[in-house]
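Worksheet: one structure, shown below.
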Amino acid sequence: MKYNFNAIEAKWQKYWADNQTFKAENQSDKPKYYVLDMFPYPSGAGLHVGHPLGYIASDIYARYKRHQGFNVLHPMGYDSFGLPAEQYAILTGQHPADTTRVNIDGGHDKEGNYIDGYRRQLDQIGFSFDWSREVRTSDPSYYKWTQWIFIQLFNSWYNNDSDKAEDISTLETIFSAEGNTTVNAVCDENIEPFSAEDWKSFSSEKQQQILLQYRLTYLAETEVNWCPALGTVLANDEIVNGVSERGGHPVIRKKMTQWSMRISAYAERLLQGLDKIDWTDSLKESQRNWIGKSVGASVTFNILPNVTLSAVEGSHKIDVFTTRPDTIFGVSFMTLAPEHELVSQITTPEQKDEVEAYILATAKRSERDRMADVKTISGVFTGAYAEHPFTKEPIPVWIGDYVLAGYGTGAVMSVPCGDERDYAFAKHFNIPIPNIFEGVDISEEAFSDKAKTIIANSDFLNGLNYKKATKRAIYELEKIGQGEGKTNYRLRDAVFSRQRYWGEPFPVYYVNGLPQMIAAEHLPIKLPEVEKYLPTETGEPPLGNATVWAWDTEKNEVVSNSLIDNENVFPLELNTMPGWAGSSWYFNRYMDANNPDEFASKEALEYWQDVDLYIGGSEHATGHLLYSRFWQKFLFDKGVVPVDEYAKKLINQGMILGTSAFVIRVVPGLISKKGDVFLQKADKLPPIFISYDRELLTQNDEKGKLSYFTRDSKSEDIFELLENLSKEYKDYFTSEDKEKYDISFNFLHGIHVDVSFANASDELDTESFKNWMPDYKNSKFILNENGTFKVGRDVEKMSKSKYNVVNPDDIVADYGADSLRLYEMFLGPLEQYKPWNTAGITGVHSFLKKLWKLYADDNGLKVTDATPTKENLKTLHKTIKKVQEDIENFSFNTSVSTFMIAVNELTAQKCTSKEILEPLLVLISPYAPHIAEELWEQLGNSGSISTAPFPEFDASHLVESSKNYPISFNGKMRFTMELPLDMSKDAIEEAVLANEKTQEQLAGRTPKKVIVVPGKIVNIVG
RNA sequence: GCUGAAGUGGUGGAAUUGGUAGACACGUUGGACUUAAAAUCCAAUGGACAUUAGUCCGUGCGGGUUCAAGUCCCGCCUUCAGUACCA
């Protein structure tokens, strides 16, 4: 009986599918456990070996929990809306729904290429997913509920008093009873106050407009990140370094009417919630920074009337936010962002030219320039003065681009003695720097240490520390009506509209420009067919191309645009939802994925509650993982879901990097004596490559870019070879060339080659390489001293252009899924970034072969009913203990080595005992399920191993009677000594000192001290 | 700059509360088997010195605490990730 992994794996994958082994039930006497992976976007490129890493880890955990008697929910699905399918559609005209389906289910694309499909790729790795619960975000039966949630958000407002979302009808009730002055809501700024009578007298349209300012999703003209190349709006987290994350296109600011999500309403709860979930510290920290809470005060400064101003109203005020109200007496100037709306109103005629020039200059600088250039201090005096709220002294008002329009109020009170930036600004423009700190020297730099602050020269704040002074300052500000305590958040509301085709359509139509929700019973509103997936010629989103995209309010269905009469038939929304809409609630849908009537049934939600373990990449820290927490909290407020944090524990798996291989190409050339002029004629010769380990004295050109070598003893043979070659290729270098240039040299150039051409010893398969591309057909190779040709190695992200992508299909075909699973875990800690190197897989593969041999040889099964020996039991129980601890600590790499040790030991012990070998299979089955199932069956068990109970650890088998003590001298281990464990400290000391090796080490000296730690170590000092 | 993580053989990585550094693999070298290769098996493998016994040095760098430090403390350096003129 041989270990025929291909047959075994196919057999058991079929068994699991046929028997629905991993189907989870929504009712069970067992305790529940929910293991979730971040669902993938099904791209046309398919999976590479880096993708399944997290899935393997979660699968091991899910299988382990099944062995422990849990009812495990372990689902999988696809985040199948997205930009790549749309861009592919624009390029090829294929419907994104079709290409997406092929990418998942496999099949032929329009060009006739066969695409394997995600599903088959996942299946062959042997995951224990419950496929009956699969979701696809682009499926109407799924996005029906995404649209439903959107309607719920539209019909809700956030009540700060109850600190939760409430139905919009409660707000309308308040409005008609008391007006809006008593309402404590999260809403747009600058809403006009009105009374109950006012409300009742407003037209329906006016009422709708007002309500829109309170709804949790609302339509507003916002400044958005517009990407002209993609023809769409991007969220902040879709922009990296000022360019679009996808494609790297430039992004500009533009005003547009867009749907927004009032996530800012949940800022505090999103922050507080982090304390009760077990996510990694770095991820929580990212979210905290993103939310950006700062506690302080808002302070109002009045602008002093200036007789030279044309509009002398004297009513101009500057609102600022500060975290240091305690330093208010240190204010010596104020700074506004150049974009601040007050700038034009308060600037004096004398300063006008200068200010306008500065604003123009700032506007020209891109956001990027402004960010990159932190050192340069610039600003202009507006000529205006504000009045200090307490001292009534005039304070000059400046503008400066270090103040950002987008944060706080876009204006700051500048306290140069307490803030580095204010300090630098004051120094640069010779503004006074009053010192308001007791016993602190501020002649060189600002003092910003809150903890050591004692306020001075500050009237009623004198002698107070930071905490007390802050409290007092706020109290005094409130007393005079010029400020109050305030908490500021960096978190902005999220733009929710995208000008794309391949996303969820909004369930929204427009009456007189006002958005109306389509009633939930008419959902889903399906994506219309369009001729082209590009924006329309008039600049409307792709849905503007649809001809059947209007809502008939009588028939309650989507009808032809030609029927729009704005009485019964109205235009539908042309934007679609962003990528994060569908992924913000999918974990709830898995609980009851096929429910046509509800988002998920109450019973299912009550039973499964939340995700116990969530595994995915850390790149979603401030995107998906924040938005989904927001939606969950909202759904919790609405009573739809039973918990307000959906994932108890979250682990980020690290990325698997590719180990690229490259060859060094030698390009012969000529060089002038000064080394500044080169002549190369690479195309005249066949390509020449040199083994990577060939020792050469290389030099760099002036810029340090080109690496080359000239003739010396080490490169003599290379030059000879090239000269011989050049005889064959006559027009290599002409005699004229040789006159012009002085030195002949060889230029070295690294070229990535397909990783499959290089073996574990870094040797290149030169024949495969030659056949790889026509250009390399006649390649010549310069070998090393051992007569082999070696490639260089580099660790970098897997990408097609580096030819370092490894397809799991190939690994599964060559070594089997169990080997792939074990090897991915064996590579290193789950959360770490680590390089993939296919060569190393032979280690785990031969481990599986050894495991197999423990159970069966050429004559068949060799497991017996023999009574296990003490050693056998010790090995087994040691393994149970370690593996259990490892799984619970997500230290999967170390359990793989534990298995190797166990199998090595049992092989050495010639163990054939079923009592040992049967439980060993259960231990291994989460990691290598196929081989475990097969041997489990061979041992005479019927049914799947997947629900066999996890072996019980029995400590009694590990009890030792003696210990091999390390005996060290001054901390250095010299030899070991076997001593009974029940020996007393004194007896150990005596025995060790009596040992002749001890005397040898001491060489006559008397030990000063002997440290004996029973069961651990003996250390002799002296 | 700030926040978080990490620096251990030729490589991936072990080392649970301070207690035998380098487990387990890969690679390398030598050997067995084979006509040969692959596969498999055996042995060696941190570095230096030493015929052996053994000695010295070794966990990014410099200090410190301790009988004992990869692990704890202080001060640096480097790499990766996130974030940034956040008032």
Side-chain angles (χ1 to χ4, degrees), chain A residues 280-290 292-294 296 320-324 327 335 337 370-377 400-404 406-415 418-422 424-425 448 488-490 618-619 621-622 652 654-655 659 759-762 793 795 822-823 826-829 831-844 846-847 849-850 853 882 885-886 889 891 893-901 904 964-976 1000 1007-1013 1015-1022:
Chain A
T280 59
D281 287 340
S282 65
L283 204 145
K284 288 197 205 177
E285 201 54 35
S286 291
Q287 293 211 346
R288 284 193 192 104
N289 290 338
W290 196 259
K293 179 181 183 177
S294 33
V320 302
F321 173 75
T322 177
T323 54
R324 297 295 304 273
T327 64
T335 317
R370 257 173 90 170
M371 280 188 339
D373 182 15
V374 184
K375 296 267 151 55
T376 317
I377 295 158
D401 67 0
Y402 80 97
V403 178
L404 304 175
Y407 183 77
T409 61
V412 299
M413 58 174 228
S414 303
V415 184
D419 181 280
E420 268 178 58
R421 291 154 305 165
D422 295 344
F425 196 87
S448 54
N488 203 43
Y489 298 93
R490 198 182 78 104
S618 58
E619 66 273 21
T622 51
N652 294 126
M655 195 185 291
T659 309
N759 69 9
S761 313
D762 298 341
R793 294 287 194 174
V795 172
L822 280 174
Y823 189 51
F826 189 61
L827 279 177
E831 286 161 282
Q832 200 168 298
Y833 278 56
K834 48 209 175 265
W836 175 272
N837 192 345
T838 303
I841 202 170
T842 54
V844 293
S846 59
F847 157 73
K849 285 196 263 188
K850 274 188 226 164
K853 276 191 205 154
K882 178 82 171 119
E885 283 169 2
D886 284 348
N889 293 321
S891 176
N893 55 325
T894 50
S895 35
V896 177
S897 29
T898 304
F899 291 136
M900 292 176 170
I901 294 167
N904 288 344
N964 198 20
Y965 277 93
I967 312 298
S968 51
F969 293 79
N970 297 318
K972 280 175 193 156
M973 207 282 285
R974 291 304 177 197
F975 60 92
T976 60
E1000 216 173 273
K1008 286 195 194 111
K1009 205 171 174 188
V1010 180
I1011 311 277
V1012 178
V1013 185
K1016 286 254 161 106
I1017 200 168
V1018 177
N1019 190 17
I1020 296 162
V1021 188

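For the C1' atoms, the distance linking B:A14 with B:A53 amounts to 31 Å, nearest Å. Rounded to the nearest Å, the gap between the P atom of B:G70 and that of B:U17 is 15 Å. Atom P of B:G60 sits at a distance of 31 Å from the matching atom of B:U52, rounded to the whole Å. Rounded to whole Å, the C1' atom of B:A21 lies 14 Å from the corresponding atom of B:G47. Here, B:C49 and B:G63 have their P atoms 26 Å apart, quoted to the whole Å. Taking atom C1' in both B:G9 and B:U45, one finds a spacing of 10 Å when rounded to whole Å. Of the C1' atoms belonging to B:A69 and B:U51, the separation is 36 Å, rounded to the nearest Å. A gap of 34 Å separates the C1' atoms of B:G27 and B:G18, to the nearest Å.
In this structure B:G63 sits in the anti conformation; its chi angle is more than 90° from 0.
Nearest-nucleotide assignment on RNA chain B puts the 5′-proximal partner with A:S618, out of A:S618 and A:G410.
Side-chain proximity of A:L827 to the nucleotides B:C86, B:C57, B:G12 is greatest for B:G12. In this structure, the nucleotide among B:C85, B:A14, B:A23 sitting nearest to the side chain of A:N893 is B:A14. Among the nucleotides B:G82, B:C24, B:C85, the one closest to the side chain of A:S897 is B:C24. The side chain of A:P835 lies closest to B:G13, out of B:C86, B:G13, B:C85.
Inspection of the A:T622 and A:S286 side chains reveals no N or O donor paired with an N or O acceptor under 3.5 Å.
Among the protein residues, A:E420 comes within range of no part of the nucleic acid, since none of its heavy atoms lies under 4.0 Å from any strand. Residue contacts shown for A:K1008 are absent, as no nucleic acid heavy atom lies under 4.0 Å away. Within the nucleic acid shown, A:N1019 comes within 4.0 Å of at least one base atom, counting heavy atoms only.
Ring-plane geometry between A:Y823 and A:W836 is classed as perpendicular, the angle between the planes exceeding 60 degrees on a 0 to 90 degree scale with a lower cut at 30.
Smallest separation of non-hydrogen atoms from A:V415 and A:D422: N-OD2, 2.9 Å. Nearest heavy atoms, A:F969 versus A:R974: CD1-CG, 3.5 Å.
B:U34: no Watson-Crick or G-U partner with both key distances under 3.5 Å is found in any strand.
Using a 4.0 Å cut-off between a side-chain N of Lys or Arg and a carboxylate O of Asp or Glu, A:E285 and A:R288 qualify as a salt bridge.
Computed from coordinates, the A:N837 CG to B:G13 P distance equals 12 Å when rounded to whole Å.
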